[in-house]
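Residues take their numbers from the sequence shown, with the count starting at 1. Because the structure is a prediction, the values reported are computed rather than measured.
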Amino acid sequence: NNNFKISKMNSLRIGLMSAALVAGLATVSAQQCCTDSTAAKPRFTIGGYGEAVMSRNFYSQHFNRYRDPATYKDDDSHGRFDLPHVTLNLGYDFGQGWTMGMEIEFEHGGTENAVEIDADESGEYEAETERGGEVALEQFWLNKAFWGGKFNIKAGEIIIPVGEINAYHMPNNFFSVYRSEGEAKILPNTWHQVGVSLWGKLKNWRYEAIFTSGLDAERFGHNCFVHYGATSPYEYKIGNVYAGAARIDNYSIPGLRLSLSGYYGYTFKNTEKKASASYNDVHGALSIGSFGFELNRWNWIVRGNATYAHLDDATKMTAFMNTFPKHNAQDGSPSKHSPIASSAYSVGIEAGYNVFSQIESLRNKQKLYVFGRYEDYNTYASGNKKVAYEYDHVKRMGAGINYSPIKPVTIKAEYSHRFLESAYNNEPSLNLGITFFGLFDTTTWVNKKFKKTQEVDKYQMERINQLTKELQELKKQIKK
């Protein structure tokens with residue numbers, strides 16, 4: 001009986017030790033598998049960019065300053081503090097070519113609901129809802145890469161890269177404190193819509209073609225052209241009509257990028273309000289063409305853009321929009337109730353030189369660009385009301401500095417001057433800002449986790465070796 005009990009107890013001990021040995025091996029294997037997949041490159045990425053600015057505008061801020069310029073010529077200056085754009089970017093690599101990305105943006109530190117005093121509303125307060133919802137989800141897409149990224153399919157809320165300001169809109173992509181006015185005035189910015197993109201990179205080329213919904217002509221206006229056309233006051237974006245966009249970039253010459261982008265789509269009847277039969281032949285076809293470049297070489301950065309847009313049926317669409325009810329507090333149409341231009345354009349160029357490139361002690365540590373910028377734009381370049389809106393034609397000159405104590409952070413200072421037609425008052429201003437951009441370093445966290453896992457693995461292996469020895473000794477005793 002004693003021998004039987006001893007044998008039973010030994011068998012139980014062997015079983016428990018064997019189970020502990022198997023569990024230990026399984027734990028080490030699982031941890032090793034996990035660390036092997038993450039140690040080389042973190043799958044999760046997080047980043048963003050942000051801008052905080054202060055402005056002093058040396059001109060009247062009265063809503064009627066363009067309709068009665070003489071009355072407001074000597075008005076006091078006014079100042080503003082703003083957070084133009086603050087974003088949080090998240091990304092994840094699922095493996096096998098599948099990736100996900102999203103960008104959450106807070107514009108002007110708010111929720112995209114605002115009140116403004118509008119000259120077209122006789123100076124009344126007007127509630128503006130640029131987009132339904134409380135936070136702007138500017139990007140959310142899934143991407144599948146083929147052949148090492150030479151061809152990709154991306155679907156979701158994506159950037160429409162028409163014009164330089166949409167393809168390159170982070171604060172390190174322009175010298176001025178605010179984004180370049182011209183393109184930002186006439187185009188949606190940042191232009192993002194739900195759609196499907198086919199894109200890729202081939203040697204010195206990058207290409208992209210996009211299918212998406214058309215813009216909403218209900219949101220067009222004389223002083224903004226189609227800027228608000230990609231937004232929606234509803235919880236969804238109406239897609240009664242469709243559009244396409246394309247972009248191609250060339251990098252054949254070292255330090256130089258040359259870009260062409262374009263857009264074509266219908267804009268009329270892309271709203272909840274139905275048009276009568278008299279508007280059956282009205283489509284509001286919108287065509288946009290844009291050229292851009294960037295030279296980053298010899299301590300210089302030079303950027304330029306030329307964008308032209310044409311809109312069919314502008315006069316007929318203006319008549320249709322004027323039948324919409326005007327705002328009454330929070331009620332009424334989000335229509336601008338103003339004439340829509342048949343065409344608009346923006347031309348701009350900026351150049352900056354890195355002064356610190358000539359100071360050996362600072363050359364590879366910090367940067368100080370001294371820059372100048374010139375642009376000419378018109379949100380009402382042609383149309384039957386052009387005489388009434390000559391102040392929509394603006395020539396702007398600016399000069400200033402960009403100082404980067406470290407790569408992700410830039411401190412900006414700029415003095416700018418808007419030159420309007422002779423009948424109107426010019427608009428000088430002084431702008432100061434601080435910006436950041438970049439991906440936050442998650443590799444440190446991954447490496448710490450990897451090191452900790454290695455320490456756990458070392459302890460587990462020592463325990464496994466000890467269990468193996470005890471198991472062998474126990475088997476020898478039983479055999480004796």
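Ring centroid separation for the pair His78 and Tyr59 comes in under the 6.0 Å cut-off. Ring centroids of Tyr242 and Phe211 are separated by less than 6.0 Å, placing the two rings close together. Side-chain rings of Tyr228 and Phe220 stay apart, their centers remaining 6.0 Å or farther from each other. Taking the six-membered ring for Trp and the full ring otherwise, Phe436 and Tyr49 have centroids separated by 6.0 Å or more. Between Phe320 and Phe268, the gap from one ring centroid to the other is short of 6.0 Å. The ring of Tyr345 has its center no closer than 6.0 angstrom to the ring center of Tyr377.
Of all heavy-atom pairs between Ser338 and Asn322, the closest is N-OD1, 4.4 Å. Contact detail for Tyr389 and Pro339: the closest heavy-atom pair is OH-CD, 3.3 Å. Considering all non-hydrogen atoms of both residues, Ser404 and Thr410 come closest at OG-OG1, 3.0 Å. Residue Leu311 comes nearest to Gly284 through the heavy atom pair CD1-O, 3.5 Å, listed as atom of the first residue, atom of the second, then distance. Of all the heavy atoms in Met317 and Asp312, the pair that sits closest is CE-O, 3.6 Å. Between His227 and Leu187, the closest heavy-atom pair is ND1-O, 2.8 Å.
Side-chain contact check for Asn173 versus Phe437: every heavy-atom pair is 4.5 Å or farther apart. With contacts defined as side-chain heavy-atom distances shorter than 4.5 Å, the pair Leu88/Ile46 qualifies. Within the 4.5 Å cutoff, the side chain of Lys154 has heavy atoms near those of the Trp199 side chain. His169 places a side-chain heavy atom less than 4.5 Å from the side chain of Ile159. Annotation: side chain of Asn426 is in contact with side chain of His417 (closest heavy-atom distance under 4.5 Å). Between Ser261 and Val162 the shortest side-chain heavy-atom distance falls below 4.5 Å.
Between the side chains of Ser197 and Glu208, at least one donor N or O sits under 3.5 Å from an acceptor N or O. In the model, Ser343 has a side-chain atom that pairs as donor or acceptor with a side-chain atom of Ser382 under 3.5 Å. With no hydrogens or angles considered, a side-chain donor-acceptor pair links Thr231 and Arg219 at under 3.5 Å. For the residue pair Ser278 / Asn280, no side-chain donor-acceptor distance below 3.5 Å is found, with atom types taken as modelled. Counting only N and O atoms by type, the side chains of His393 and Glu421 include a donor and acceptor under 3.5 Å apart. Under 3.5 Å, the side chains of Asp392 and His222 contain a donor-acceptor pair of N or O atoms. Under the 3.5 Å distance criterion, with hydrogens and angles disregarded, a donor-acceptor pair is assigned to the side chains of Glu218 and Thr271.
Rounding to the nearest 0.5 Å gives a distance of 8.5 Å between CG of Asn166 and CD1 of Ile160.
Counting only residues at least two apart or on different chains, no salt bridge (Lys or Arg N to Asp or Glu O under 4.0 Å) pair has a member in residues 46-55. Among residues at least two apart or in separate chains, there is no salt bridge (Lys or Arg N to Asp or Glu O under 4.0 Å) pair with a member in residues 74-89. Counting only residues at least two apart or on different chains, the ring-ring contact (aromatic ring centres under 6.0 Å, His included) pairs with a member in residues 285-316 are Trp300-Tyr353. Identified under the salt bridge (Lys or Arg N to Asp or Glu O under 4.0 Å) test for residues 248-260, with sequence neighbours left out: Glu164-Arg257, Arg247-Asp249. Counting only residues at least two apart or on different chains, the salt bridge (Lys or Arg N to Asp or Glu O under 4.0 Å) pairs with a member in residues 179-188 are Glu181-Arg396, Glu181-Arg418.
Checked against ring-ring contact (aromatic ring centres under 6.0 Å, His included), Trp98 has no partners two or more places apart in sequence or in another chain. Residues passing the ring-ring contact (aromatic ring centres under 6.0 Å, His included) test with Tyr415: none are found, sequence neighbours excluded. Scanning for side chain to side chain donor-acceptor pair (under 3.5 Å) contacts around Tyr178 gives Ser55, with sequence neighbours left out. By the ring-ring contact (aromatic ring centres under 6.0 Å, His included) test, Tyr92 pairs with Phe94, sequence neighbours left out. In this structure, the side chain to side chain donor-acceptor pair (under 3.5 Å) partners of Asn299, at least two apart in sequence or on a different chain, are Ser357. Under the rule for a salt bridge (charged side-chain N to carboxylate O under 4.0 Å, His left out), the partners of Arg373 that lie at least two apart in sequence or sit in another chain are Glu350, Glu375. Among residues two or more places apart in sequence or in another chain, the ring-ring contact (aromatic ring centres under 6.0 Å, His included) test is passed with Tyr236 by Tyr234.
Lys144 forms a cation-pi arrangement with Phe146, by the criterion of a distance under 6.0 Å to the ring centre and an angle within 45° of the ring axis.
Taking a 6.0 Å sphere around CG of Asn364, one finds it holds 12 or fewer heavy atoms contributed by other residues, nucleotides or ligands.
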Residue pair Leu198, Ile153: steps toward the side-chain contact (heavy atoms from CB on, under 4.5 Å) verdict: CA-CA 5 Å; Leu198 306 179; Ile153 300 177; 3.8 Å; yes
Derivation and outcome, side-chain contact (heavy atoms from CB on, under 4.5 Å), residues Ile186 and Val226: CA-CA 6 Å; Ile186 70 172; Val226 303; 6.0 Å; no
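With Asn240 contributing its side chain and Lys269 its backbone, the two residues share a donor-acceptor pair below 3.5 Å.
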